[in-house]
Amino acid sequence: LAYTGIYTDWTREAILAEVEKQMKPSRFQHVLRVEACSIQLAEKYGASVEACSLAALLHDYAKEHAAESLKEIVLSKGMASEMTGYGSEIMHGPVGAYYAETVFGITDEDILDAIRQHTIGGEMMTLLGKVLFIADYIESGRAFKGVDEARKLAEDSLDEAAYFKIEKTIIHLVKKELPIYPGTIYVYNSWIQRKV
Ligand code: GDP
Ligand code: FE
Ligand code: FE
Ligand code: FE
């Protein structure tokens, strides 16, 4: 897959090398599987393959950065300060989008939003946003209970698969007695209110 240069001056190979430096090998392999899955979904649902590839390669760029480093970006760039209370889990998407823009020169708002929203989803998600949100959840290395049902839903409807992830994530967090970020609840409410 060769990039056309419309979204970034970086080649895919240069991006791979830079992303690989940011994380342990197992997470880099996850990123590659998310890209493969995103491309499949893009082809199936008619999204831009190049945009989906880029969003996938960059989505977890900041995931292993120290919480203090993530926090520094969140607070200095005017992002919602409440997200600092959840370790790297909620911050790494928005901070990843910040690096997509500042390191890789990406200005396409659909790509940046997809990266920003990939953990909690969004009240409004574009096709690209849904592709990344679902690919991150169902990539071939994922093995949690329910992943096969999610994969099956994604064959017919990105919205059904997205709703499934949103609902199961809340259930999972409650069962594990983990704190739920308010944005996670907002997204759940907007999806359940639209589901008739
Ligand atoms: P990953 O970066 O590929 O591991 O996947 P994600 O970015 O989708 O998710 C990162 C983690 O954040 C997952 O373990 C989710 O369960 C968790 N997560 C999602 N929403 C919330 C939330 O509201 N609160 C907390 N504490 N964790 C969350
Ligand atoms: Fe992530
Ligand atoms: Fe991920
Ligand atoms: Fe995870």
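What you see below is based on every heavy atom in this structure, not just the backbone, and it leaves out hydrogens, waters and symmetry mates. Atoms within a ligand are numbered from 1 in the order they appear, just like the ligands themselves. The first residue in the sequence is number 1, and the count goes up from there. Keep in mind the model is a prediction, meaning the values are calculated, not measured.
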- Message: Show me which atoms of ligand 1 lie under 4.0 Å from any heavy atom of Y181.
- Response: 22 (C), 23 (O), 24 (N)
- Query: So between K165, M83, R27, E89, whose heavy atom ends up nearest atom 17 (C) of ligand 1?
  - Reply: E89
- Message: I'd like to know if Q117 contacts ligand 1, where contact means a heavy-atom distance under 4.0 Å to any ligand atom.
- Response: no
- At a non-hydrogen distance cut-off of under 4.0 Å, which region of R142 contacts ligand 1 (side chain, backbone, both, or neither)? side chain
- Task: Look at atom NZ of K152 and say whether more than 12 heavy atoms of other residues, nucleotides or ligands are closer to it than 6.0 Å.
- Result: no
- Item | Distance filter under 4.0 Å to H92 heavy atoms, resulting ligand 1 atoms | 2 (O), 7 (O)
- Query: Which of the atoms of ligand 1 are close to H30, meaning less than 4.0 Å from one of its heavy atoms?
  - Reply: 3 (O)
- Can the positive tip of R12 be found less than 6.0 Å from the middle of the six-membered ring of W10, inside 45° of the ring normal? no
- Item | Closest to atom 26 (N) of ligand 1 among P179, G96, G121 (heavy-atom distance) | P179
- Restricting to N, O or S atoms of D60, which is nearest to the Fe ion (ligand 3)? OD2
- Task: Can you sort out the partners of E109 under side-chain hydrogen bond (donor to acceptor under 3.5 Å, both in side chains), two or more places apart, ordered by chain and number?
- Result: R116
- Could you tell me which atoms of ligand 1, counted from 1 in the order shown, lie closer than 4.0 angstrom to a heavy atom of D136? 3 (O), 5 (O), 6 (P), 7 (O), 8 (O)
- Task: Over 60° means perpendicular and under 30° means parallel, so classify the ring planes of Y188 and Y163, tilted if in between.
- Result: parallel
- Item | Atoms in ligand 1 with a heavy atom of D60 nearer than 4.0 Å | 1 (P), 2 (O), 3 (O)
- Item | Test item: side-chain donor near acceptor, E89 and T119, under 3.5 Å | no
- Out of curiosity, is I90 lining ligand 1, as in a heavy atom under 4.0 Å away? yes
- Query: Has K77 got its NZ or CZ under 6.0 Å from the middle of the six-membered ring of Y98, at an angle within 45 degrees of the ring axis?
  - Reply: no
- Item | Atom nearest to the Fe ion (ligand 3) - D136, N, O or S atoms considered | OD1
- Identified side chain to side chain donor-acceptor pair (under 3.5 Å) counterpart of R27 within the set E64, E20, Q22: E64
- Task: Starting from the C-alpha separation in whole Å, work towards a yes-or-no answer on side chain to side chain donor-acceptor pair (under 3.5 Å) for H92 and H59.
- Result: CA-CA 8 Å; H92 79 277; H59 84 282; over 6 Å; no
- Please state whether the rings of Y99 and Y61 are parallel, tilted or perpendicular, taking 30° and 60° as the class boundaries. tilted
- Message: Can you confirm whether K71 is buried at NZ, in the sense that more than 12 heavy atoms of other residues, nucleotides or ligands lie under 6.0 Å from that atom?
- Response: no
- Candidates H172, E64, K168, K176; heavy atom nearest atom 16 (O) of ligand 1 found on H172
- Message: Quick one about Y3 and S53 (side-chain donor to acceptor, distance below 3.5 Å, no hydrogens or angles considered), yes or no?
- Response: yes
- In H30, what N, O or S atom is nearest to the Fe ion (ligand 3), if we give its atom name? NE2
- Short list, please: which atoms of ligand 1 are under 4.0 Å from a heavy atom of K63? 1 (P), 2 (O), 4 (O), 10 (C)
- Message: Can you tell me which N/O/S atom of H92 has the shortest distance to the Fe ion (ligand 2)?
- Response: NE2
- Looking at H118, the N, O or S atom sitting nearest the Fe ion (ligand 2) is NE2
- Message: Which of the numbered atoms in ligand 1 are under 4.0 angstrom from any heavy atom belonging to T184?
- Response: 20 (N), 22 (C), 23 (O)
